[in-house]
Structures are given as C-alpha cells and as structure tokens.
J.: 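Before anything else, here's the structure in question.
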Amino acid sequence: MLKGFREFILRGNVIDLAVAVVIGAAFTAVVNSIVTNIFNPLIGALFRADSLDSAMVLRIPATDGAVAEVRFGAVIGAILTFLIVAAVVYFVFVMPMNLLKEHAEARRKAGEPKPEDPETELTLLSEIRDLLAAERAEAGARRSD
C-alpha cells in the first residue's frame, strides 16, 4: 500500500504538477495585481467608474422592493484577466518552447549529432562483460600456444 503511494508521489509528473500549482498561484497574484491596478482603472475611467466592478451595473427592482444588481463590468474584468493570463502564458512559455523545438528539429535535420545518452548501469555492465570475455579468450589462446 505504501509502496504504491511512494511510486505515485515520486513519479515525475506529480512533482511537475505540484511545481506548476505553486508557480500558478504566484503568477495569479501578479496578473490580478496588473488587472486591478492598471486595467480596471483605465477601463473604469471610460465608464466614469472607479473600477470595473462598479462599472456598467444594471439595477433591477426585485419583487420584495430591494434592488438586484447585474455587474457587467465585473464580468468584463474576469474576461480581461483570462485574456491577459492566456497571452502571458502563450508569449512567455508556449511560444519560446515551440521555437526551441523548431531549432532542435532543424539541427537534427541538418545532421548535427544529438547529445549522447548517459550510460546506464546496464550498458556499463555489458561493456565489462564483453571486456572480461575478450580477456578470457586471449588468455585461452596464449595457453594453447
């Protein structure tokens, strides 16, 4: 039971996911600050409002005499936040990674050798076995002469 849990936790993609969540949370704070402190006042100024949350509010009388407020400005703010996050993710992460892949593919097609894979224990043990077999064959050939 614990072995399966340990294998699950130590899988590379779980660690990658944890890092992504932490970075995403920090990134969200930056984007929210940009939207709240830059875009909301600029758009709010167009509608003579302090921020998008108080812009384009439709007040509807309710049956009990109260007033319900439909906040279109807040929805626009959420849409802007999404678009800003998507643009930053694309231009900061996706586009550079695609360029790196294209460059690597171009180098591969040009015939540049790709970096050698590091030797594993299996390949090292195979080489040792082959060397020992060659030494034994040489020693046997010397004895028979």
J.: Atom CD1 in I128, atom OG1 in T123: separation rounded to 0.5 Å?
T.: 9.5 Å

J.: With sequence neighbours left out, what residues match E105 under salt bridge (charged side-chain N to carboxylate O under 4.0 Å, His left out)?
T.: R108

J.: Hydrophobic side-chain clustering at under 4.5 Å (ILVMFWY, transitive links): who's grouped with L100? Put none if nobody.
T.: M97

J.: Are V57 and V75 connected into the same hydrophobic cluster when the rule is that any two of I, L, V, M, F, W, Y join if their side-chain heavy atoms are below 4.5 Å apart?
T.: no

J.: Please report the interatomic distance CZ(R71) to CZ(R59), rounded to the nearest 0.5 Å.
T.: 7.0 Å

J.: If the condition is side-chain contact (heavy atoms from CB on, under 4.5 Å), which residues does F72 pass it with, not counting sequence neighbours?
T.: M56, L58, V70

J.: Between CG of L125 and CG of D130, what distance do you get to the nearest 0.5 Å?
T.: 11.0 Å

J.: Using atom types as modelled and distance alone, determine if a side-chain donor or acceptor of S126 lies under 3.5 Å from a backbone N or O of L122.
T.: yes

J.: Would you say I38 and V30 are hydrophobically clustered, going by side-chain heavy atoms of ILVMFWY under 4.5 Å?
T.: yes

